[in-house]
Amino acid sequence: MATSSLVSLLLPCLLSFLLLRLSTLLDPSPGAAVPRVKRNPPLPLRFRHDGAFKILQVADMHFGNGAATRCRDVAPEAGGARCSDLNTTQFLRRVIEAERPDLIAFTGDNIFGGSASDAAESLLKAIGPAMEYKVPWAAILGNHDQESTMTREELMVFTSLMDYSVSQVNPPGFLVHGFGNYHVGIHGPFGSESVNASLLNLYFLDSGDREVVNGVRTYGWIKESQLAWLHATSQELQQNLHAPAFAFFHIPIPEVRGLWYTDFKGQYQEGVACSTVNSGVLGTLTSMGDVKAVFLGHDHLNDFCGNLNGIWFCYGGGFGYHAYGRPHWPRRARVIHTELKKGQKQWMEVESIHTWKLLDDEKLSKIDEQVLWRSSSI
């Protein structure tokens, strides 16, 4: 109880400090160190007038210090010594302009702590294109974000205060492990009966960084308190409307390894780096019944989708140029496109969910398009 009281007292101080820090970074002139008002996207987020909602998944940017941070694992013709974090920024701008997403989901290792001399500055540069184009965005943390100058809690508080962010530190009213567990609802278009209802639910979860189990280092995992919140939130949402949902987290669960033996779509090029602890995430997601797909990061050379218990698990593929990759294997991004069913006079429930990937090549090639889910009423 004493710890909870101390946190409640310190949180306003932390928020004030981070607001001041944010204003200084956005405008470094001496007179600019004044807390500024966050530029919010139109809330709630909702489907477009054409009945579509498009999410761009950006996995593993590993952003460092910008132009001073060299690329890893790129072919000589990809720029050589001139290749840097700026290539990551250019790729993000290209994808935003090509796809015009309604939301960008940054699924962890957004910055590479060991190469970022200032975590806040690095994060602002990494997310910069989303804010420049005024695209709503949500972020979770990976296992490298906190290795610079900010803790995981400070990073999520800072992230929640950045322009056009819909990220949250944690859900109100729940005591959950980690930082970056939250729900975002996508409402129906203006003019429809579902204008005040969420037709698509997005669950964001903190899968942790590194932990020690029985004296052995392993990756983090989603804890019991997080699964309890997730299940309770899902059940509450489904009391009103049985809307489909997506989950986003960074580190894959152990069952993803078994997808090697299935008819997956995409590239499975490296071993699944997950925790030795199986906390029951798949069982929870299955029992909930609303999650149709999970979107992961962490393993940069994997970009496949495979099905476990009727739920698709999809990697984003490595996006960032300072992240490890493979020469002649282009960096990539995943797009998730959801469409509503058209009634006689208005848009109705979700009809279909598609996904594909875009490669950072000359043509911004579109590959591996597939249907993840269709409404049984079709």
Side-chain angles (χ1 to χ4, degrees), residues 40-59 92-107 129-139 164-167 183-204 237 240-248 265 290-295 305 311-312 314 316-317 319 332-359 364-378:
N40 278 307
L43 294 174
L45 301 182
R46 60 181 68 253
F47 281 83
R48 299 194 304 253
H49 63 87
D50 62 353
F53 192 87
K54 185 184 291 185
I55 301 172
L56 170 65
Q57 182 195 3
V58 175
L92 183 52
R93 287 194 176 113
R94 290 183 72 199
V95 175
I96 291 173
E97 290 180 359
E99 292 290 344
R100 297 295 175 181
D102 301 293
L103 176 72
I104 303 176
F106 295 96
T107 52
M131 297 187 288
E132 291 168 17
Y133 286 91
K134 301 180 181 180
V135 181
W137 59 276
Y164 305 105
S165 171
V166 297
S167 311
H183 159 258
V184 176
I186 312 302
H187 287 218
F190 284 116
S192 68
E193 291 183 357
S194 55
V195 67
N196 293 319
S198 179
L199 298 181
L200 176 67
N201 292 306
L202 312 179
Y203 304 122
F204 294 86
L237 290 169
N240 301 318
L241 182 66
H242 290 278
F246 303 147
F248 298 85
K265 185 159 191 171
D290 58 342
V291 174
K292 309 306 177 187
V294 175
F295 299 97
C305 282
I311 301 171
W312 287 95
C314 299
F319 189 97
R332 57 205 58 216
R334 180 172 292 280
V335 178
I336 307 120
H337 188 256
T338 306
E339 293 182 316
L340 300 179
K341 182 179 181 181
K342 181 68 173 177
Q344 290 185 346
K345 296 183 179 179
Q346 61 179 310
W347 296 107
M348 301 174 69
E349 72 276 3
V350 171
E351 181 177 65
S352 63
I353 301 165
H354 294 71
T355 187
W356 60 85
K357 291 168 300 218
L358 294 178
L359 306 183
L364 209 63
S365 300
K366 180 179 179 180
I367 65 169
D368 293 342
E369 185 171 9
Q370 64 184 112
V371 177
L372 295 179
W373 182 81
R374 287 188 183 277
S375 170
S376 58
S377 63
I378 298 176

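Keep in mind that the numbers below use all heavy atoms, side chains included, and drop hydrogens, waters and symmetry copies.
- Taken from OG in Ser375 to NZ in Lys292, the straight-line distance is 9.0 Å, to the nearest 0.5 Å.
- Under the 4.5 Å side-chain criterion, counting only non-hydrogen atoms from C-beta, Leu92 is in contact with Leu56.
- Scanning both residues, Arg374 and Ser352, for their nearest heavy atoms gives NH1-CB, 3.8 Å.
- Taking each heavy atom of Val291 and Ile311 in turn, the nearest pair found is O-CG1, 3.5 Å.
- Cation-pi geometry between Lys341 and Trp347 is not met: the NZ or CZ atom fails to fall both under 6.0 Å from the ring centre and inside 45° of the normal.
- Listed here is the closest heavy atom pair of Cys305 and Thr355: SG-CG2, 4.4 Å.
- Partners of Arg332 under the salt bridge (Lys or Arg N to Asp or Glu O under 4.0 Å) rule, at least two apart in sequence or in another chain, are Asp303.
- Closest non-hydrogen pair, Gly191 versus Gln346, comes out as O-OE1, 4.2 Å.
- Closest heavy-atom contact between Ser198 and Gly185: OG-CA, 3.3 Å.
- Applying the 6.0 Å contact sphere to CD of Glu193 captures no more than 12 heavy atoms from other residues, nucleotides or ligands.
- Summarising the geometry, atom CG belonging to Asp290 is positioned 9.5 Å from atom NE2 belonging to His242; distances are rounded to the nearest 0.5 Å.
- At least one donor-acceptor pair under 3.5 Å links the side chain of Lys265 to the backbone N or O of Glu369.
- In this structure, the side chain of Arg46 engages the main chain of Gly188 through a donor-acceptor pair within 3.5 Å.
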**Prompt:** What's the verdict on salt bridge (charged side-chain N to carboxylate O under 4.0 Å, His left out) for Lys357 and Asp368, showing C-alpha distance, side-chain angles and the deciding distance?
**Reply:** CA-CA 6 Å; Lys357 291 168 300 218; Asp368 293 342; 2.7 Å; yes
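- Among residues two or more places apart in sequence or in another chain, the side-chain contact (heavy atoms from CB on, under 4.5 Å) test is passed with Pro41 by Leu43, Pro136, Tyr164, Val166.
- Between Phe204 and Phe248, the ring planes are parallel. Angles under 30° get that label, and only those over 60° would be called perpendicular.
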Q: List the steps and the verdict of side-chain contact (heavy atoms from CB on, under 4.5 Å) for Val350 and Trp373.
A: CA-CA 10 Å; Val350 171; Trp373 182 81; 3.6 Å; yes
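- Taking CD1 of Ile55 as the reference point, atom CG of Leu45 lies at 9.5 Å (rounded to 0.5 Å).
- When all heavy atoms of Leu199 and Met348 are compared, the pair lying nearest together is CD1-O, 3.5 Å.
- Taken to the nearest 0.5 Å, the CD atom of Glu351 stands 8.5 Å off from the CG atom of Leu340.
- Around atom NZ of Lys134, no more than 12 heavy atoms belonging to other residues, nucleotides or ligands sit under 6.0 Å away.
- Checked against side-chain contact (heavy atoms from CB on, under 4.5 Å), Asp102 has the following partners two or more places apart in sequence or in another chain: Arg48, Phe53, Lys54.
- Atoms CD and OH, from Glu97 and Tyr133 in turn, are 3.0 Å apart once rounded to the nearest 0.5 Å.
- Between Phe295 and Phe246, the ring-plane angle classifies as perpendicular under the 30° and 60° cut-offs.
- Interatomic distance, CG of Leu372 versus CH2 of Trp312, reported as 6.5 Å (0.5 Å rounding).
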